[in-house]
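Just so you know, these numbers use all the heavy atoms, side chains as well, and skip hydrogens, waters and symmetry mates.
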Amino acid sequence: MTREHLVDMVSQGVVTPTGLISHGRGEAFDYLMGERTIGPAEEAERAAAAMLLEAENPVICVNGNAAALDPKGLIAIAEAVPAKVEVNLFHRTPERMEAVISLLEAEGAKGVLGRVPEERIPGLDHDRALCTREGIWSSDVILVPIEDGDRAEALIAMGKKVISIDINPLSRTSRVATVPICDEISRATANILRFVEELKDDRSARLKILDGFSNRECLRATVDSICGSLKAEFE
């Protein structure tokens, strides 16, 4: 059903054909994780909630695949934190920007940014460098589902804290992110939203979670979990 939905989103101009390749790569890792949220992902989702709540100007960045796969979940997080929503596309045309933003607005998103970018992220020579001053440019924490690794690196180089949702623990995005969430996007957003509600009135808990979180240890535990699942299949 998800695959058919994405194909339909291609015809509507929201997803590009290369986005289908990206999704297929993610599906492969989901199989290796048993199509469930594993322990390290849940810990990262808790840390993501804490980081979003601690941020001064949190932004949720949305591309075509993210908008097609889980617009309601991303919008719910934006409302709960609250955070701004900005659309940012690699294959950018005015028509495609309008298609993605209109989809989000139809799902209830308010004040979606991205139509008129005023800034460029340093170090990038493609259209994902384009961003708004109010949103990505001035953000301190940015949630980037299904992200390009070079842009994640560029955002980190700008001094931002990056929360990624990339089910591949070996990707450049996961390796450079401040908080790498290796989970399927709809499971990830549901868990982040749950933790936002849980931590909203408990700053001491948020600070403790963030103080104890490590990108490297999270990814190491993720790979260990995958290896353990694979070995168990053949014992």
Chemist: Nearest 0.5 Å, what's the CD1-CD1 distance between I192 and I60?
Modeler: 8.0 Å
Chemist: My understanding is that only one of I226, I167, V223 makes a side chain to side chain contact (heavy atoms under 4.5 Å, CB included) with L32; could you say which?
Modeler: I226
Chemist: Please report the closest heavy-atom contact between F213 and A44, naming both atoms and the distance.
Modeler: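 That closest heavy-atom pairing would be CE1-CA, 3.7 Å.
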Chemist: Tell me, which pairs form a salt bridge (Lys or Arg N to Asp or Glu O under 4.0 Å) where one or both residues lie in residues 159-175, sequence neighbours left out?
Modeler: E153-R172
Chemist: Enter the distance from M51:CE to D140:CG here, rounded to the nearest 0.5 Å.
Modeler: 9.5 Å
Chemist: Is there a path of hydrophobic side-chain contacts, each under 4.5 Å between heavy atoms, that joins V162 and V85?
Modeler: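 No; tracing contacts between hydrophobic side chains, which count when under 4.5 Å, never links both residues.
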Chemist: Counting neighbours of CD on E35 that are heavy atoms of other residues, nucleotides or ligands and sit closer than 6.0 Å, is the number greater than 12?
Modeler: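 Result for CD/E35: enclosed.
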Chemist: So R115 and E98, side chain to side chain contact (heavy atoms under 4.5 Å, CB included) or not? Walk me through it.
Modeler: CA-CA 8 Å; R115 283 187 174 97; E98 195 58 41; 2.9 Å; yes
Chemist: Do you reckon L143 sits in the same ILVMFWY cluster as I209, going by side-chain contacts under 4.5 Å, direct or chained?
Modeler: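 Same hydrophobic cluster.
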Chemist: Would you check if the side chain of N168 reaches a backbone N or O of F29 as a donor-acceptor pair within less than 3.5 Å?
Modeler: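 Here the side-chain-to-backbone pair does not exist.
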Chemist: Please report the shortest heavy-atom distance between P145 and C61, naming the atom on each side.
Modeler: CD-O, 2.9 Å
Chemist: Would you mind reporting whether C218 and E43 have side-chain heavy atoms less than 4.5 Å apart?
Modeler: no
Chemist: Is Q12 close to L103 at the side-chain level, that is, under 4.5 Å between some pair of heavy atoms?
Modeler: no
Chemist: Between I38 and Y31, is there shared hydrophobic-cluster membership here, with clusters defined by ILVMFWY side-chain heavy atoms closer than 4.5 Å?
Modeler: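 Each belongs to a different hydrophobic cluster.
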Chemist: Residues in salt bridge (charged side-chain N to carboxylate O under 4.0 Å, His left out) with D30, at least two apart?
Modeler: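 D30: salt bridge (charged side-chain N to carboxylate O under 4.0 Å, His left out) contacts with R187.
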Chemist: Just checking R203: does its CZ atom have more than 12 heavy atoms from other residues, nucleotides or ligands closer to it than 6.0 angstrom?
Modeler: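 No.
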Chemist: Quick check for you: to the nearest 0.5 Å, what is the distance between I136 atom CD1 and K84 atom NZ?
Modeler: 11.5 Å
Chemist: Find out whether R96 and V14 are in side-chain contact, i.e. whether some heavy atom of one side chain is under 4.5 Å from a heavy atom of the other.
Modeler: no
Chemist: Cut-off 3.5 Å, no hydrogens considered: what does the side-chain donor-acceptor table look like for residues 121-129, sequence neighbours left out?
Modeler:
from: H126; atom 1: ND1; to: R128; atom 2: N; distance (Å): 3.2
from: H126; atom 1: NE2; to: D150; atom 2: OD2; distance (Å): 2.8
from: R128; atom 1: NE; to: N88; atom 2: OD1; distance (Å): 2.5
from: R128; atom 1: NH1; to: E147; atom 2: OE1; distance (Å): 3.3
from: R128; atom 1: NH1; to: D148; atom 2: OD2; distance (Å): 3.0
from: R128; atom 1: NH2; to: N88; atom 2: OD1; distance (Å): 3.1
from: R128; atom 1: NH2; to: E147; atom 2: OE1; distance (Å): 3.2

Chemist: I need the minimum non-hydrogen distance between A48 and I181, along with the two atoms involved.
Modeler: CB-CD1, 3.7 Å
Chemist: The criterion is salt bridge (charged side-chain N to carboxylate O under 4.0 Å, His left out); which residues satisfy it with R194, sequence neighbours excluded?
Modeler: E42
Chemist: Between the main-chain N or O of G114 and the side-chain N or O of T132, is there a donor-acceptor pair closer than 3.5 Å?
Modeler: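 Not confirmed, T132 side chain does not pair with G114 backbone.
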Chemist: Between S139 (side chain) and N57 (backbone), is there a donor-acceptor pair under 3.5 Å?
Modeler: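 No; zero donor-acceptor contacts below 3.5 Å.
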Chemist: Taking the side chain as everything from C-beta on, heavy atoms only, tell me whether S102 gets closer than 4.5 Å to L104.
Modeler: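 No, too far: nothing below the 4.5 Å cut-off.
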Chemist: For the residue pair S164 and A177, what are the closest heavy atoms and their distance?
Modeler: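 For S164 and A177, the tightest heavy-atom pair comes out as OG-CB, 3.4 Å.
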Chemist: What's the spacing between I185 CD1 and I146 CD1 if we round to 0.5 Å?
Modeler: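 Going from the CD1 atom of I185 to the CD1 atom of I146 covers 4.5 Å.
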Chemist: How long is the gap from OG1 on T173 to CZ on R151, to the nearest 0.5 Å?
Modeler: 9.5 Å
Chemist: So, the side chain of S138 versus the backbone of E134: is there a donor-acceptor pair under 3.5 Å, distance only?
Modeler: yes
Chemist: Quick one, C182 and S174 - any side-chain contact, counting heavy atoms below 4.5 Å?
Modeler: yes
Chemist: Looking at S229 and M33, would you say the former's side chain and the latter's main chain have a donor-acceptor pair under 3.5 Å?
Modeler: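 No, the answer is negative, given that no donor and acceptor are paired below the 3.5 Å cut-off.
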Chemist: E217: which residues meet the salt bridge (charged side-chain N to carboxylate O under 4.0 Å, His left out) condition with it, sequence neighbours left out?
Modeler: R220
Chemist: Hey, are D224 and T222 close enough side-chain-wise for a donor-acceptor pair under 3.5 Å?
Modeler: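 No, D224 and T222 have no side-chain donor paired with an acceptor closer than 3.5 Å.
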Chemist: Please give me the minimum heavy-atom distance between G64 and V15, naming the atom from each residue.
Modeler: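 For G64 and V15, the tightest heavy-atom pair comes out as O-CG2, 3.8 Å.
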Chemist: Contact between T2 and H23 at the side-chain level, heavy atoms closer than 4.5 Å - yes or no?
Modeler: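 T2 vs H23: side chains touch.
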Chemist: Count I, L, V, M, F, W, Y as connected when their side-chain heavy atoms are under 4.5 Å apart, and connections chain through other members. Are V176 and L210 then in the same cluster?
Modeler: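 Not linked; separate clusters.
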Chemist: First locate atom CG of L52, then atom CZ of R206, and finally report the distance between them rounded to the nearest 0.5 Å.
Modeler: 11.0 Å
Chemist: Donor-acceptor pairs under 3.5 angstrom involving side-chain atoms of residues 66-81: please list them, not counting sequence neighbours.
Modeler:
from: D70; atom 1: OD1; to: G73; atom 2: N; distance (Å): 3.2
from: D70; atom 1: OD2; to: T189; atom 2: OG1; distance (Å): 2.4
from: K72; atom 1: NZ; to: E107; atom 2: OE1; distance (Å): 2.6

Chemist: Identify the two heavy atoms, one from E45 and one from F195, that lie closest to each other, and give their separation to 0.1 Å.
Modeler: C-CD1, 3.8 Å
Chemist: Is M97 reachable from V59 through a run of I, L, V, M, F, W or Y residues, each pair having side-chain heavy atoms under 4.5 Å apart?
Modeler: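 Different clusters.
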Chemist: Is a donor on one side and an acceptor on the other found under 3.5 Å between the side chain of S11 and the backbone of D8?
Modeler: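 It does hold such a pair.
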Chemist: Does R3, at its CZ atom, have more than 12 non-hydrogen atoms belonging to other residues, nucleotides or ligands within less than 6.0 Å?
Modeler: no
